[in-house]
Student: 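Have a look at the structure that comes next, please.
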Amino acid sequence: MLMAIAATANAQPRTNADGTVTFEYKNDSAKKVLVDVQFAGRKEMTRGADGTWSVTLGPVAPDMYPYCFIVDGVSVMDPANPLYFPNEGFKNSLLEIPGGGSLPHDIRNVPHGRLEYIHYYSKTIGATNNAIVYLPPNYMQDMQKRYPVFYLISGTTDTEEVYYKVGRVNYILDNLLADKQAKEMIVVLPYGNPLKLVPAKATEAGGTPPTRFGGDPFSKDLVNDLMPYIEQNYRTKNDRDSRAIGGFSRGGNQALYNGLSHLDKFSYLCSYSSFTSTDIPNVYDQAEETNKKIHLFWLGVGTDDFLYGSARDYMEFLDSKGICAVKEFTNDKFGHTWMNAKYFLSKTLPLLFNKKAAQAAMAEAKPAPAATGEEKPFTPGVMARLFPRPIISPEYDEDGIIFRFKAPDAKKVELECEVLPNNIAMQRDSDGVWQTVLRDYLFDTFKYCFVVDGTRVCDPSNMYLSPDQGFKYSIADNPRSRFNFASQGDIAHGRTGYDVERQEAWYMSPMPKQGWTIPKFVQLVPGKDDTMESWFKVGGADAIADRLLSEGKTKPCIITTSNMDFMKQSNMPQMPGFSPKVLRADDYPTWTHRRRALIKLLIEIGKEPDPEMPFFGE
């Protein structure tokens, strides 16, 4: 039941009959508001009599476009739009203009696969890591069938959710499978920056992200931790002909480096808007052997991408070494964008695990285009400009939680927390960074934001957003807390998924390795401003259940936000163990109280006797 199968209507900017888009933003106190949208850049908005700012732009072609509002110089997500771009740093909303079925990622009425959020202990980083797994629509029908695996990595500052929520790999593959244009496969979406999950102080924070790989934490985790977990927990084919690796931007670099470094494990390699090192032993200088091992070597980049020069140079280098690679270029997708990432994905998925199609594509591969001399080099300076030294917020130490927010032109910045009766004034330093320390609630989990000259703003340095119906708060969750995934050590974890059509979340705890038991059912009712994700991403229901189960304080359980009407309409309620315990979010004032109530409930479940095993058919 853990699946994502269709999108519901969203309160997005209005798409007009002539192809233009009208953006609206309500803010009575703002003095100047702009919209910053990928297809038009920054455009000023006009304030109406009721305090609503608006502008109409375009026309624009159907696709997905990140955007935000610039309110008196500060970037703000659209509080009326539930779609957002998951990212470690910037916080953008997403404008989706469907193509009526013409776009590869359009959500069509076809069978849809499952998406499972997994957690696994990584010996490489000494903490729990994250990934998302896509399972094809028929995965649960034939329990003997095994599938090839595509490891697909997002870009710099992206989370593991981006290739799902922005790259739409699940819907692209659903559509291709329905049209019989791709092979069934499992797709694994790793988190490309696992060290960020480990607590660090501001003085330890690095500047620009790494651009070379090999022996780094991600690469070691991929081969030594994530791949073994996937192969132990899913029905996978585990030979090199059944593994592919690819990625966008930094993820493309990671994919190429790890793929070329492990040609004993991967035979399909894809890079979208990227390149990699030209110094990989036993690869480039052994072209004949390398070509024999690679079924598909696919490289795509936009000619208007800031990485085009480096990507073209890498293609030319491969040509000079006699290594065959498919090369594809675009010039109409706004450069280094997820529009390109989705397009490239739609071109390569039909070639994966299809030797005949891959060989045909490789046979038609053309040499790299000649350099024009106008290509801009990708230098450390460009990297530093694109990815400046991060501000650490929140930062946890023994004395409290430090919150920081950069707003050089702001007159007043406050910290708003759901656990506090009043806002806390923040102090500005000479660099324009506002700061305050919260000395209580160090190990509690709560929602917070900054109030900048009267406008609420989520913390741009915190990648954890509360998936609320309206304004999306940031989440404070100490990584050293007992119920934070990062601190849990080498324990078994359950899996969580979100059914987008029914707007339900489902968690299945790890089951005993031997024997069989009837799991306990827990129904978590979201609050009035919550979504189906809230009880897990803020309430930590999965992390709490995993921890208590590992300590023997609760029993195997299924936790869901569903009202389980389908059970009431079947024979399930007549069976022992299927009467759910119910917890309602609106019965508690804060997430701290809700989490404590859930802990208490799960511990009570752990003290209950196991129901007698039913005899089916009686």
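Nothing fancy with the numbering, it's 1 onward along the sequence. Reckoned from all heavy atoms, side chains included, excluding hydrogens, waters and symmetry mates.
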Student: Could you check Leu226 against Tyr191 for side chain to side chain contact (heavy atoms under 4.5 Å, CB included), going step by step and ending with a plain yes or no?
Tutor: CA-CA 10 Å; Leu226 177 58; Tyr191 177 40; over 6 Å; no
Student: Please test Tyr234 against Glu116 for side-chain hydrogen bond (donor to acceptor under 3.5 Å, both in side chains), starting from the C-alpha separation and ending with a verdict.
Tutor: CA-CA 11 Å; Tyr234 293 94; Glu116 296 189 346; 2.7 Å; yes
Student: Does Arg235 make a cation-pi contact with Tyr139, if we ask for NZ or CZ under 6.0 Å from the ring centre and within 45° of the axis?
Tutor: yes
Student: Short question: side chain of Asp106, backbone of Gly99 - any donor-acceptor pair under 3.5 Å?
Tutor: yes
Student: Please report the C-alpha distance between Phe150 and Ile245 in whole Å, then the side-chain angles of each, then the deciding distance to 0.1 Å, and finally whether the side chain to side chain contact (heavy atoms under 4.5 Å, CB included) criterion is met.
Tutor: CA-CA 6 Å; Phe150 181 26; Ile245 189 167; 5.5 Å; no
Student: Counting N and O atoms only, with roles assigned by atom type, does the side chain of Asp174 sit under 3.5 Å from a partner on the main chain of Gly113, one being a donor and the other an acceptor?
Tutor: yes
Student: May I ask you to decide if Ile401's main-chain N or O and Glu395's side chain share a donor-acceptor pair within less than 3.5 Å?
Tutor: no
Student: Please say whether more than 12 non-hydrogen atoms of neighbouring residues, nucleotides or ligands are located less than 6.0 Å from NZ in Lys183.
Tutor: no
Student: Does the pair Leu345 and Tyr163 meet the rule for a side chain to side chain contact (heavy atoms under 4.5 Å, CB included), with working shown?
Tutor: CA-CA 10 Å; Leu345 192 60; Tyr163 246 120; 3.9 Å; yes
Student: Can a donor-acceptor pair be found, under 3.5 Å and without considering hydrogens, that links the side chain of Thr348 to the backbone of Phe344?
Tutor: yes
Student: What's the spacing between Arg456 CZ and Cys449 SG if we round to 0.5 Å?
Tutor: 5.5 Å
Student: Applying side-chain hydrogen bond (donor to acceptor under 3.5 Å, both in side chains) to Asp221 and Thr124, what does each step give before you reach the verdict?
Tutor: CA-CA 5 Å; Asp221 173 86; Thr124 298; 4.9 Å; no
Student: Salt-bridged, Lys447 to Glu418, with N to O below 4.0 Å?
Tutor: no
Student: Looking at Phe471 versus Tyr473, is the centre-to-centre ring distance below 6.0 Å?
Tutor: yes
Student: Take Lys165 and Glu160 through the test salt bridge (Lys or Arg N to Asp or Glu O under 4.0 Å) and record every step on the way to the result.
Tutor: CA-CA 9 Å; Lys165 292 192 172 181; Glu160 70 275 12; over 6 Å; no
Student: Does Tyr272 have its ring centroid less than 6.0 Å away from the ring centroid of Phe248?
Tutor: no
Student: For Asp587, is there an ion pair with Arg584 - N to carboxylate O distance below 4.0 angstrom?
Tutor: no
Student: About how many Å separate CG of Asp529 and NZ of Lys472, when rounded to the nearest 0.5 Å?
Tutor: 11.0 Å
Student: To the nearest 0.5 Å, how far apart are CG in Leu438 and OH in Tyr396?
Tutor: 9.5 Å
Student: Indicate yes or no: at least one non-hydrogen side-chain atom of Ser509 is less than 4.5 angstrom from one of Cys557.
Tutor: yes
Student: Apply salt bridge (Lys or Arg N to Asp or Glu O under 4.0 Å) to the pair Lys237 and Glu231, showing each step before the final yes or no.
Tutor: CA-CA 8 Å; Lys237 293 181 178 179; Glu231 292 169 7; over 6 Å; no
Student: Do you know the tightest heavy-atom contact between Asn170 and Tyr134?
Tutor: CB-CD1, 3.6 Å
Student: Just by modelled atom types, is the Val110 backbone N or O under 3.5 Å from a matching donor or acceptor in the His112 side chain?
Tutor: yes
Student: For Pro228 and Val223, work out which heavy atoms get closest and say how close.
Tutor: CD-O, 3.3 Å
Student: Minimum heavy-atom separation for His119 to Asp542, with atom names?
Tutor: CE1-OD2, 4.1 Å
Student: How long is the straight-line distance from CD of Gln38 back to CE of Met339, given to the nearest 0.5 Å?
Tutor: 6.5 Å
Student: With side chain to side chain contact (heavy atoms under 4.5 Å, CB included) as the criterion, how do Asn81 and Tyr67 come out once you've worked through the C-alpha distance, each side chain's angles and the decisive distance to 0.1 Å?
Tutor: CA-CA 11 Å; Asn81 187 352; Tyr67 74 98; 3.1 Å; yes
Student: Do Asp444 and Arg596 meet the salt-bridge criterion of a basic N to acidic O distance under 4.0 Å?
Tutor: yes
Student: Is the backbone N or O of Trp338 less than 3.5 Å from a side-chain atom of Lys342, with the two atoms forming a donor-acceptor pair by type?
Tutor: yes
Student: Once rounded to the nearest 0.5 Å, what's the spacing between atom OG1 of Thr496 and atom OH of Tyr117?
Tutor: 9.5 Å
Student: So that I know where these two stand, are His493 and Phe485 an aromatic pair - ring centroids less than 6.0 Å apart?
Tutor: yes
Student: Do the rings of Tyr507 and Phe536 sit parallel, tilted or perpendicular, given the 30° and 60° boundaries?
Tutor: tilted
Student: Identify the heavy atoms of Ile172 and Leu349 that sit nearest to each other, and give their distance.
Tutor: CG2-CD1, 3.8 Å
Student: Per the salt bridge (Lys or Arg N to Asp or Glu O under 4.0 Å) rule, what does the pair list look like for residues 136-147, sequence neighbours excluded?
Tutor: Lys145-Glu184
Student: Could you verify whether a donor N or O on one side chain and an acceptor N or O on the other, from Asn193 and Glu88, lie under 3.5 Å apart?
Tutor: yes
Student: In the structure I gave you, are the side-chain heavy atoms of Tyr147 and Pro136 within less than 4.5 Å of one another anywhere?
Tutor: yes
Student: Tell me, do Val522 and Ile558 make a side-chain contact under 4.5 Å, heavy atoms counted?
Tutor: no
Student: Between Leu152 and Pro190, which heavy-atom pair has the shortest distance, and what is it?
Tutor: O-CD, 3.1 Å
Student: From Lys91 NZ over to Leu465 CG, what is the distance, rounded to the nearest 0.5 angstrom?
Tutor: 5.5 Å
Student: Judged by modelled atom types alone, do Ser562 and Glu504 share a side-chain donor-acceptor pair under 3.5 Å?
Tutor: yes
Student: Provide the closest heavy-atom pair for Ile125 versus Pro217 in the form atom of the first, atom of the second, distance.
Tutor: CG2-CB, 4.3 Å
Student: What I want to find out is whether Glu608 reaches Lys581 closely enough, with some N-O distance under 4.0 Å, to be called a salt bridge.
Tutor: yes
Student: Check whether any side-chain N or O of Asp546 sits under 3.5 Å from a backbone N or O of Ile491 as a donor-acceptor pair, and report yes or no.
Tutor: no
Student: Using modelled atom types and a 3.5 Å cut-off, is there a donor and acceptor pairing between side-chain atoms of Asp158 and backbone atoms of Ser154?
Tutor: no
Student: Quick one: does any side-chain atom of Arg595 pair with a main-chain N or O of Thr445 as donor and acceptor, under 3.5 Å?
Tutor: no
Student: Looking at Glu96 and Arg168, is there a salt bridge between them, counting it only when a charged N and a carboxylate O are closer than 4.0 Å?
Tutor: yes
Student: Is the shortest side-chain heavy-atom distance between Thr236 and Ile230 below 4.5 Å?
Tutor: yes
Student: Do the side chain of Thr561 and the main chain of Ala505 share a donor and acceptor less than 3.5 angstrom apart?
Tutor: yes
Student: May I ask you to test the Leu135-Val133 pair for a side-chain heavy-atom distance under 4.5 Å?
Tutor: yes
Student: Establish, for the pair Arg594 and Phe446, whether the NZ or CZ atom is under 6.0 angstrom from the six-membered ring centre and no further than 45 degrees off its axis.
Tutor: no
Student: Taking atom types as modelled, is there a side-chain donor on Ser122 or Asp225 under 3.5 Å from an acceptor on the other?
Tutor: yes
Student: Before we go on, tell me: are the rings of Phe403 and Tyr448 under 6.0 Å apart, centre to centre?
Tutor: yes
Student: Strictly by modelled atom types, are Ser487 and Asn484 linked by a side-chain donor-acceptor pair under 3.5 Å?
Tutor: no
Student: Using the six-membered ring wherever Trp is involved, compare the ring planes of Trp535 and Trp591 and label them parallel, tilted or perpendicular (cut-offs 30° and 60°).
Tutor: perpendicular
Student: Do Leu548 and Ile603 touch side chain to side chain, with heavy atoms closer than 4.5 Å?
Tutor: yes
